[in-house]
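This report concerns only the one structure given below.
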Amino acid sequence: MKKIETIIKPFKLEALKDALHDLNISGMTVSEVKGFGRQKGHTEIYRGAEYMVDFIPKVKVEIIIEEERVESVIEAIINAVRTGKIGDGKIFVLPVEKIIRIRTGETDKEAI
Amino acid sequence: MKKIETIIKPFKLEALKDALHDLNISGMTVSEVKGFGRQKGHTEIYRGAEYMVDFIPKVKVEIIIEEERVESVIEAIINAVRTGKIGDGKIFVLPVEKIIRIRTGETDKEAI
Amino acid sequence: MKKIETIIKPFKLEALKDALHDLNISGMTVSEVKGFGRQKGHTEIYRGAEYMVDFIPKVKVEIIIEEERVESVIEAIINAVRTGKIGDGKIFVLPVEKIIRIRTGETDKEAI
Amino acid sequence: MRKKITFTACTLLLLTAGTAIAADEVVKITVESNAAAVKAVQTNLNYVWTLIAAALVFFMQAGFAMVESGFTRAKSACNIMMKNLLDFAMGSLAFWAIGFGLMFGATTTGLFGTTDFFLSGWTGPKGDQWILAFWMFQCVFAATAATIVSGAVAERMKFTSYLVYSFVVCALIYPIFGSWAWGSLLNGNGWLEAKGFIDFAGSTVVHSVGGWCALAGAIVLGPRKGKFGPKGEVRAIPGHNIPMAAIGVFILWLGWFGFNPGSTTTGDTSIAMIFVNTNLAAAAGVISAMTLSWIMFKKPDIGMSLNGALAGLVGITAGCANVTPTSSIIIGFIAGIIVVISVVTIDRLHIDDPVGAVSVHGVCGAWGTIAAGLFNIGGTTAAIMTTQIIGVIAAFVWAFGTAFILFKVIDMTMGLRITEEEELEGVDLAEHAAHAYNDFQVIN
Amino acid sequence: MRKKITFTACTLLLLTAGTAIAADEVVKITVESNAAAVKAVQTNLNYVWTLIAAALVFFMQAGFAMVESGFTRAKSACNIMMKNLLDFAMGSLAFWAIGFGLMFGATTTGLFGTTDFFLSGWTGPKGDQWILAFWMFQCVFAATAATIVSGAVAERMKFTSYLVYSFVVCALIYPIFGSWAWGSLLNGNGWLEAKGFIDFAGSTVVHSVGGWCALAGAIVLGPRKGKFGPKGEVRAIPGHNIPMAAIGVFILWLGWFGFNPGSTTTGDTSIAMIFVNTNLAAAAGVISAMTLSWIMFKKPDIGMSLNGALAGLVGITAGCANVTPTSSIIIGFIAGIIVVISVVTIDRLHIDDPVGAVSVHGVCGAWGTIAAGLFNIGGTTAAIMTTQIIGVIAAFVWAFGTAFILFKVIDMTMGLRITEEEELEGVDLAEHAAHAYNDFQVIN
Amino acid sequence: MRKKITFTACTLLLLTAGTAIAADEVVKITVESNAAAVKAVQTNLNYVWTLIAAALVFFMQAGFAMVESGFTRAKSACNIMMKNLLDFAMGSLAFWAIGFGLMFGATTTGLFGTTDFFLSGWTGPKGDQWILAFWMFQCVFAATAATIVSGAVAERMKFTSYLVYSFVVCALIYPIFGSWAWGSLLNGNGWLEAKGFIDFAGSTVVHSVGGWCALAGAIVLGPRKGKFGPKGEVRAIPGHNIPMAAIGVFILWLGWFGFNPGSTTTGDTSIAMIFVNTNLAAAAGVISAMTLSWIMFKKPDIGMSLNGALAGLVGITAGCANVTPTSSIIIGFIAGIIVVISVVTIDRLHIDDPVGAVSVHGVCGAWGTIAAGLFNIGGTTAAIMTTQIIGVIAAFVWAFGTAFILFKVIDMTMGLRITEEEELEGVDLAEHAAHAYNDFQVIN
Ligand SMILES: Nc1ncnc2c1ncn2[C@@H]1O[C@H](COP(=O)(O)OP(=O)(O)O)[C@@H](O)[C@H]1O
Ligand SMILES: Nc1ncnc2c1ncn2[C@@H]1O[C@H](COP(=O)(O)OP(=O)(O)O)[C@@H](O)[C@H]1O
Ligand SMILES: Nc1ncnc2c1ncn2[C@@H]1O[C@H](COP(=O)(O)OP(=O)(O)O)[C@@H](O)[C@H]1O
């Protein structure tokens with residue numbers, strides 16, 4: 001089992017959700033983050049003082065999934081959120097050792 | 001060392017905290033997330049337009065813990081937050097390779 | 001490739017960002033969390049009722065990095081955020097199996 | 001447009017008066033016509049003053065909405081706004097149809113009026129307009145009494161039940177008590193005012209009545225989940241927007257400059273003392289509540305300081321026209337102390353009043369009524385004090401009693417409280433399928 | 001200081017009058033001088049009333065800003081505030097320089113005035129001051145008409161273009177129509193008022209004109225990205241701060257107590273009925289809009305209930321001085337129903353009006369104008385109704401037509417809309433390099 | 001109730017007057033009694049106007065609280081509200097006990113009054129009530145001067161020290177200066193007004209005095225941590241709720257319609273010009289500040305535009321009764337430019353004034369005072385200008401001097417500033433153990 005973490009542009013969340021639905025992904029977790037990669041921040045003005053806003057608002061989506069579905073999920077993410085512009089985001093894959101569904105006590109694959 | 005990530009209903013945080021206290025867990029990190037699993041969202045109304053709120057507010061709790069305590073923590077989580085209803089949440093266990101306490105520089109088990 | 005997660009005091013984010021810039025770190029992701037470790041919460045008052053605020057606001061910074069740079073990043077973090085007081089925070093290192101840059105499709109080291 | 005032209009013609013007339021006699025003023029100017037004209041201008045001034053004061057009191061609805069919403073959780077903010085909007089809307093119509101007649105209609109029993117329903121006393125635009133001005137002023141008072149409750153029952157009451165409640169309060173509970181104390185301001189004639197009861201602007205009539213209804217509501221509903229711990233300990237459920245609550249208090253303070261001096265319904269020099277008294281009592285209430293909270297909790301508490309202002313204002317409402325400025329400071333100061341003790345006590349009694357409505361309006365209203373007797377400029381007597389105490393007790397028995405029955409009946413028939421699950425998710429979602437802050441992540 | 005001393009001397013004089021004749025009052029008191037003095041006091045009262053009413057109407061700017069901002073997203077909140085600030089500032093100067101003269105200056109054609117630009121009719125502090133008081137009152141009306149549009153074009157319009165728009169509305173579009181209906185209130189003489197058009201406080205003149213301009217703006221701009229789905233389905237874009245919107249509605253309701261009764265520009269007893277009518281219509285609008293939303297959407301909708309209040313207020317604006325309180329309830333009730341249906345319909349027409357400005361001001365303004373004829377206290381006739389309908393149509397043709405051209409011309413020259421990317425990031429960032437809520441994480 | 005009955009009886013009397021002579025009016029109506037009655041009605045009107053204006057000025061407290069809180073961080077919002085609440089409460093009592101007497105009591109030196117402490121000039125409800133009306137109006141002015149400072153010292157000052165400060169300002173610093181310029185409005189007689197100093201509503205007396213105290217506070221306290229970088233670069237610390245700040249500005253603008261025209265303390269036709277001037281200057285200030293910010297920063301800055309409105313308002317305060325509307329536009333326009341330059345300059349001087357209080361009130365207050373001389377309707381002379389400049393300098397020397405000493409003394413005795421750690425965690429937590437937004441995650 002793997003955890004796919006992807007950091008995307010906030011307004012792409014809707015599209016990503018739809019794409020994952022189409023893949024019959026059974027769950028996902030979303031959180032608001034800020035970050036920078038190649039895409040850097042921008043300048044804002046406040047009462048006559050300019051200042052850099054370094055961190056850009058992003059959305060982090062976490063999907064726990066069977067190993068064999070990782071590739072298809074990655075593909076779906078890329079298709080859904082890619083604009084070709086800087087700031088499109090990244091995907092990270094991490095190992096997961098155990099999964100438990102609290103309600104039923106099911107574990108691992110059954111629990112996804 | 002392992003990282004236990006659990007996604008629970010927000011109003012269960014208090015109970016979970018107490019349960020982990022009882023286990024003498026030395027630390028935890030909480031963040032607000034939104035997600036869906038089997039539990040789906042609900043419909044809201046705004047000035048005459050119905051719309052789906054897909055993502056349900058959840059709380060993510062992360063606990064870094066020695067391998068040998070993983071089972072007891074999982075048990076404690078289940079006992080604390082389970083209601084038997086859909087949306088009770090999930091537990092994920094991930095490997096952690098290194099831990100450092102910034103203040104002292106202690107590492108791994110001593111740093112937990 | 002590794003993921004370095006560090007939980008720090010919010011007002012140290014600026015210093016950490018500068019330190020990582022100096023290391024030529026190409027990206028980072030920040031989120032707001034609450035937590036406790038050795039540092040416990042404090043008491044607040046609301047209309048005559050005292051109550052414990054258990055969780056202290058913290059910032060979680062995630063950096064995905066090549067294995068060989070992990071040590072230098074850890075060092076930089078410690079130097080940047082350490083005050084020697086309780087609540088300085090922690091660093092966790094987790095394994096990452098795959099990285100993809102969405103815009104270009106590059107993977108792993110090239111994608112960091 | 002025709003009407004407007006007429007008015008403006010009249011305006012221009014007045015502007016040019018003194019230099020020339022306008023064409024349609026054929027009546028000869030005499031000493032008597034002058035005397036009548038002066039009185040007419042004073043009458044106009046009374047209307048202008050009373051109606052501006054009514055507008056200020058109306059604005060208190062916004063103040064209440066902000067205070068109540070600020071002191072409760074984000075997940076209940078839409079519901080609070082809806083309740084404040086609807087109790088005013090419902091209340092206006094209920095008071096128009098029924099309440100005004102019960103309160104100010106003619107009566108033979110001294111218990112309630114039986115004429116003037118549906119503003120039937122108004123004889124059209126050519127007749128006496130005072131009944132309309134007076135209705136407007138009294139209507140915003142009735143709605144104030146109603147809206148006091150919404151804070152105490154916040155975050156857990158069914159919306160439909162609240163609508164029923166607010167109709168009944170504005171149509172029956174408030175007006176009937178009001179007729180006892182104020183009926184003779186129009187066509188009525190209440191038993192309490194006959195005894196010489198002093199409650200100039202309504203410490204008892206408006207605030208205590210509202211406060212005791214709030215108490216009944218809070219008791220029948222029971223506390224919000226989590227307000228009291230398993231071992232009975234009092235837990236804080238902090239409000240979600242303290243600045244909003246603070247601005248609400250400023251708005252209420254402003255509104256009170258209509259509430260108290262406007263109760264003269266006369267634009268004359270007597271309003272000056274009422275303004276000063278109102279302001280000084282509020283200021284003193286802030287100081288004493290803050291100081292006491294500082295002593296008790298080690299920090300100057302903002303919630304208590306804000307309640308202190310309201311306590312001072314409620315406290316001076318009864319006596320604002322018949323105590324001195326110095327007395328007002330004392331009255332407000334004591335009100336500020338009372339409110340702090342009362343809030344803590346009500347918590348200890350395991351009654352959950354999220355915004356302190358019972359303490360501010362009920363308890364300080366009672367204090368204000370007694371203080372109006374004690375500090376009466378003309379001196380106080382046992383008779384005065386007895387009457388004041390009778391009024392205070394009558395208000396409690398009537399308002400708490402009828403409201404308790406009302407809430408119990410609602411509870412047993414249509415249900416008073418949302419389900420536990422709905423409460424956890426928030427009354428906004430349950431009752432309105434809505435969120436207050438859609439672009440923010442909200443905790444709790 | 002000198003001036004102030006004079007005034008105070010005068011005050012003191014008045015205070016001591018009746019006991020002694022002040023030294024510098026050498027003129028003998030006669031029946032005629034008394035009559036003149038009475039009229040002067042009434043004139044003073046008219047000034048005080050008109051200007052307080054103007055202040056209340058001014059405050060509606062804050063109400064509009066809160067409603068519009070609350071009903072749109074957090075990423076557009078600075079821009080909404082800027083638009084409301086600037087349309088008032090621009091509008092004040094435009095109306096001073098040009099608009100007032102076009103609206104109230106002398107005219108031979110009945111189409112627009114040609115005198116009184118730059119307040120040139122004012123002859124200095126010793127002359128007649130009425131033109132200033134009247135200007136002030138009319139200026140806040142003009143700005144109201146202008147500001148109605150800002151909600152409908154929210155979150156996507158270029159700021160510079162909005163500035164141009166608000167100048168043109170306050171300088172040309174609003175005043176020219178205004179001169180047709182209200183010109184004779186000063187030196188003008190419009191063709192519509194000559195027919196006996198009834199629009200006491202501006203259901204048509206202010207609200208419909210503003211609403212139809214809003215419609216033109218919303219159409220020319222097109223919908224916000226995401227408002228309508230790929231299959232044409234209507235999507236909700238929930239507002240970011242519903243409590244703020246609700247408080248805004250309370251402020252607007254308060255402001256209407258200046259808007260409607262203030263339109264007498266005379267402090268007399270006639271304002272009482274206007275107050276009552278205004279209040280009852282708003283209350284009825286709330287009830288009907290809430291009820292209908294409850295039936296249609298299964299829940300009492302807060303957005304619709306708030307719009308219901310505004311609908312009732314707009315609906316009663318034309319007829320507030322010439323319908324009975326009971327009629328006002330009917331008018332407001334129907335307005336509340338109309339607004340719900342209209343909001344849903346406009347959504348279905350794929351016109352994106354984020355705050356419902358077209359429905360509230362345009363549609364309910366038209367309804368109010370017709371209702372003013374239908375429910376006229378003096379009775380209604382085919383002639384009255386024809387005139388009312390002519391007025392409604394004239395407003396639509398003029399305001400929608402000119403505004404449509406204006407927005408099209410702006411679009412083709414300087415551009416009307418921000419880029420798609422700017423819209424996604426938010427108009428605040430794009431146009432003002434700013435965020436509204438810097439310490440909060442904002443979604444959306 | 002007795003009092004209320006009397007008033008209403010009187011009302012009814014007036015209503016019936018003209019048709020019949022009421023029973024208890026036994027005095028024969030004569031030309032003289034009519035003259036006295038007219039004057040009494042005008043007196044009543046003056047009271048009504050002055051007190052409504054006072055209520056509007058009171059409401060400015062809410063405006064200040066919103067502006068100051070909106071322009072600072074979420075972690076300081078409770079503290080700002082507490083400061084604004086307490087400076088008004090403290091100020092009211094301090095001004096009642098001491099300040100009013102110093103300002104308006106009789107004096108032989110022309111330096112400060114020595115009578116009328118504790119409202120001792122009031123002889124009871126049967127005597128002259130003017131002193132109460134006048135006190136009320138002056139009290140809200142004193143509190144305005146006090147509250148100006150709270151923005152400049154925001155986010156870092158100890159709460160106890162702020163209480164001491166606000167007591168001293170309302171009891172001593174403001175009233176003593178006030179007695180120089182305005183003492184003769186009651187029983188006083190100041191040296192500055194003797195020279196003919198023009199400051200109708202207080203550009204200098206209220207705003208500059210407040211602004212220079214703010215400057216002293218900001219200097220003695222030092223900047224907030226992080227405001228200036230290690231290399232001395234100016235850093236932005238963005239405010240947490242810009243819409244709240246914007247609504248605060250609208251409320252202040254509204255309040256100014258009490259502040260300026262209310263300073264006539266007479267309800268007569270002269271208030272029209274003051275209304276118009278106030279409005280036009282504010283509008284012009286918005287336009288010029290926005291335009292200049294656009295030029296300087298490439299974007300129309302919302303903070304600067306809002307400050308522009310306030311700058312225009314402060315700028316016209318001195319001369320509102322003795323300059324023409326056209327001059328008002330010029331005065332406001334220049335004030336808007338001044339405020340932008342001043343804010344940037346004060347930043348460069350490494351003085352941290354989070355809300356721009358020094359620029360808006362201090363600097364634009366000075367400009368307004370000079371402008372009142374320059375644009376004087378009656379023409380200007382070297383003598384007038386000299387006096388104006390003397391007044392401006394006197395205000396700076398007195399207010400900055402005494403406030404500087406005051407803050408230094410507080411600093412050396414009880415401490416002026418919270419600790420660095422407390423500042424990082426937020427003054428709300430440190431001083432009130434509270435958070436403003438409990439259901440939101442707050443950054444910063
Ligand atoms: N090395 C990294 N470690 C952690 N987060 C990263 C890293 N690189 C990028 N991110 C996250 O991904 C987001 C999008 O990155 P982006 O600017 O698209 O990167 P790039 O263009 O370099 O692929 C960033 O805002 C940041 O939150
Ligand atoms: N496969 C998954 N990947 C990531 N997060 C998940 C996944 N499944 C569930 N979650 C998270 O857990 C939360 C609770 O899930 P829940 O509805 O209780 O799941 P189930 O009933 O399917 O066990 C979801 O809201 C979501 O945030
Ligand atoms: N075992 C743990 N698991 C998860 N998070 C932890 C753990 N220990 C500490 N943290 C996080 O790190 C933050 C800082 O911890 P801190 O109080 O500095 O810990 P210590 O002093 O014990 O090193 C905490 O607020 C919490 O968010």
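As the structure is a computational prediction, the values presented were derived from the model and not from experiment. We use all heavy atoms of the structure for the numbers below, so side chains are in, but hydrogens, waters and symmetry mates are not.
- Shown here is E67(C), whose CD atom has no more than 12 heavy atoms of other residues, nucleotides or ligands within 6.0 Å.
- Nearest heavy-atom pair, F71(D) versus Y46(C), reported as atom, atom and distance to 0.1 Å: O-OH, 3.1 Å.
- For the options V234(D), D301(D), I242(D), heavy-atom pairs under 4.5 Å to chain C are most numerous at D301(D).
- In this structure, E420(D) places its CD atom where only 12 or fewer heavy-atom neighbours from other residues, nucleotides or ligands lie under 6.0 Å away.
- The shortest heavy-atom contact between P238(D) and Y51(C) is CG-OH, 3.3 Å.
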message: Apply side-chain contact (heavy atoms from CB on, under 4.5 Å) to residues N307(D) and R47(C) and explain how you reach the verdict.
response: CA-CA 9 Å; N307(D) 273 348; R47(C) 295 180 60 246; 3.6 Å; yes
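- Within the model, atoms CE of M296(D) and CD of E50(C) stand 10.5 Å from one another, a figure rounded to the nearest 0.5 Å.
- With a 4.5 angstrom heavy-atom cutoff, V339(D) does not touch chain C via any of its atoms.
- Taking OG1 of T43(C) as the start and NZ of K298(D) as the end, the distance is 11.5 Å to the nearest 0.5 Å.
- The environment of CD in E97(C) is crowded: more than 12 heavy-atom neighbours from other residues, nucleotides or ligands sit within 6.0 Å.
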